[in-house]
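Below is one structure, written out as structure tokens; comments come after it.
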Amino acid sequence: MNSEELFNESKNYMPGGVSSPVRSYKPYPFFVKEAKGSRIYDVDGNSYIDHCIAYGPMILGHSDEKVSKSVFDAIKKGTTYGAPSENEITLAKEVVNRIPCAEMVRFVNSGTEATMSAIRLARGYTGKNKIIKFEGAYHGAHDYCLVKSGSGAATLPDSLGIPEDTTKNTLSVPFNDEEAISNLILKEGEDIACIIMEVVMGNIGCIEPKKGYLEFLRKITEENNIVLIFDEVITGFRLAKGGAQEYYDVTPDIVTLGKIIGGGYPMGAFAGKKEIMEMIAPNGPVYQAGTFNGNPISVNAGIATLNQLNENFYNNLNEKGQYLRKNIKDIVEDLNLDIMPVGLGSMFQIYFNPKDVLNYEDAKNSDSGRFFEYFKELLKNGVFIPPSQFECNFISSKHSKEDLDLSLEAIEKSLKAVF
Ligand SMILES: *Cc1c(COP(=O)(O)O)cnc(C)c1O
């Protein structure tokens, strides 16, 4: 069956024909046959350079040989035990050694679980109820955070099924606005357990913190006994060995991880200061549990991935990112287009917006309809990115210079076609 036929079949059995809403686009998404390295192949016989890479996890490209071997090795010894195993310590040490704020780790199964648990921990630790998130930030699909959320939720109305009693404790403010957060803390500071933030907002495109903003947040949270949580599900192990907190040199109290940490297998984690992490059950009174937590498959894949991510790896990857972004900028200038290429490290995006994008409001003012046309042109030209203005694009270490040159050609052609 081709993609169209598969879609017509799948929508009878799965809502919208997909297992996660961002995968859906009109008239129907391509169905994947396989993926290897920098490429993804559909059942219709097309090959694409993949800049979606599953929304971030595949930093070594698809089907990395060392990662696959580590998984084959693990499978032979069972797939989940309900009892601890030594490799969990190996991976926990890797996390602690790399990430500045991490002294202890709890492994979970997704980024969603990581942020949900980290928020519960912050509430348990401080004895306070309210949380602050930023408009347009996405922290997974759980009730605490689906308020003015990014990613797929940015394109839909706020979700039904979430009790007001839950979200009345979730306060949201614009990103990159010191006054907004100062005022909120002045008003509600006594009750605020944590600020949770994407250091770089990768679920509403790609927005960097203004200079000094992270330092400001670190200071104001310290002064008000508020736990600072960096949600590094995208940026962790991507921007640098120690993630965005190393890249920007600001250390939070808790970090949440996902995507890359499982090497392409389901996994998340949260980590932080010992004093806070010791509050987690069975040591402390904040409950968190999971049948598949720390399962040997994801753990082995995580170790085999992190083992390859050394300083040199990041220098190469970020250098490629810079090459791609510089050339995108040149293309946009040569074509005289009033749009904004953005990004850092191995992350990139183009805002179809004439103005600098500093927050959710700005991002929402972009021409997302025209962006979708651009996405479709890119597909025709052999490049796959997420089908939305409100996502980020990535490169993996398997993207060669030749791949990037092909992507640049496709980007130029596609921009010409839509403007
Ligand atoms: C993807 C993402 C999540 C959710 O992770 P899942 O593994 O999809 O549950 C949370 N926070 C951020 C910043 C993310 O990008």
Side-chain angles (χ1 to χ4, degrees), residues 18-24 52-59 99 106-120 122 131-155 159 170 172 175 194-209 214 228-239 243-245 247-248 252 254-271 288 290 292-293 295 298 301-302 305 343-349 360 363 385-386 388 390-394:
V18 291
S19 294
S20 190
V22 294
R23 296 175 199 168
S24 155
C52 175
I53 50 171
Y55 292 81
M58 313 312 300
I59 195 165
I99 310 257
R106 167 63 56 92
F107 294 117
V108 293
N109 302 293
S110 67
T112 297
E113 280 183 47
T115 63
M116 186 176 74
S117 310
I119 290 169
R120 182 182 299 157
I131 67 171
I132 298 180
K133 80 176 278 288
F134 293 94
E135 294 171 0
Y138 179 66
H139 303 296
H142 59 80
D143 286 6
Y144 304 156
C145 287
L146 275 184
V147 178
K148 291 216 176 172
S149 182
S151 188
T155 60
S159 177
T170 304
S172 50
F175 192 61
C194 66
I195 293 180
I196 183 164
M197 65 184 297
E198 291 182 78
V199 182
V200 175
M201 297 238 283
N203 284 288
I204 194 73
C206 186
I207 306 178
E208 279 197 74
L214 296 174
L228 182 61
I229 304 174
F230 281 1
D231 180 358
E232 296 219 44
V233 170
I234 287 179
T235 54
F237 309 118
R238 175 163 289 283
L239 287 185
Q245 54 193 278
Y247 187 93
Y248 291 106
I254 300 177
V255 65
T256 55
L257 301 162
K259 297 194 169 120
I260 292 170
I261 194 176
Y265 292 77
M267 179 173 245
F270 58 104
Q288 199 293 320
F292 291 103
N293 282 5
N295 75 80
S298 301
T305 298
L344 71 165
S346 50
M347 300 165 69
F348 69 102
Q349 180 55 294
Y360 180 70
I385 63 169
S388 166
F390 308 120
E391 302 285 353
C392 191
N393 310 324
F394 301 99

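Both counts, for ligands and for their atoms, begin at 1 and track the order of listing. This chain uses plain numbering: 1 for the first residue, then up along the sequence.
- Here the heavy atom of the protein found nearest to atom 3 (C) of ligand 1 is V233 CG1, 3.8 Å.
- In this structure a side-chain-to-backbone donor-acceptor pair under 3.5 Å is missing from N203 to A137.
- Below 3.5 Å of separation, one finds an N or O of N203 facing an N or O of ligand 1.
- The residue among T112, I261, I196 with a heavy atom at the shortest distance from atom 8 (O) of ligand 1 is T112.
- Of the possible donor and acceptor atoms, none in the side chain of T235 sits under 3.5 Å from a partner among the backbone N and O of G243.
- K259 NZ, 2.6 Å is the protein heavy atom nearest to atom 15 (O) of ligand 1.
- The nearest pair of heavy atoms linking E391 to Q349 is O-NE2, 2.6 Å.
- Between D231, T256, N109, it is D231 that holds the heavy atom closest to atom 11 (N) of ligand 1.
- Remark: side-chain polar atoms of E232 are paired, donor with acceptor, to backbone N or O of A244 under 3.5 angstrom.
- Here the side chains of H139 and M116 are not in contact, with every heavy-atom distance at 4.5 Å or above.
- Side-chain N/O atoms of R106 and Q288 include a donor and acceptor closer than 3.5 Å.
- Ligand 1 places these atoms under 4.0 Å from at least one heavy atom of S110: 7 (O), 9 (O).
- Within ligand 1, the atoms closer than 4.0 Å to a non-hydrogen atom of I234 are 15 (O), numbered from 1 in the order shown.
- The part of E198 lying near ligand 1 is the side chain, judged by heavy-atom distances below 4.0 Å.
- In summary, the atoms of ligand 1 found under 4.0 Å from a heavy atom of G111, numbered by their order in the structure, are 4 (C), 5 (O), 6 (P), 7 (O), 9 (O).
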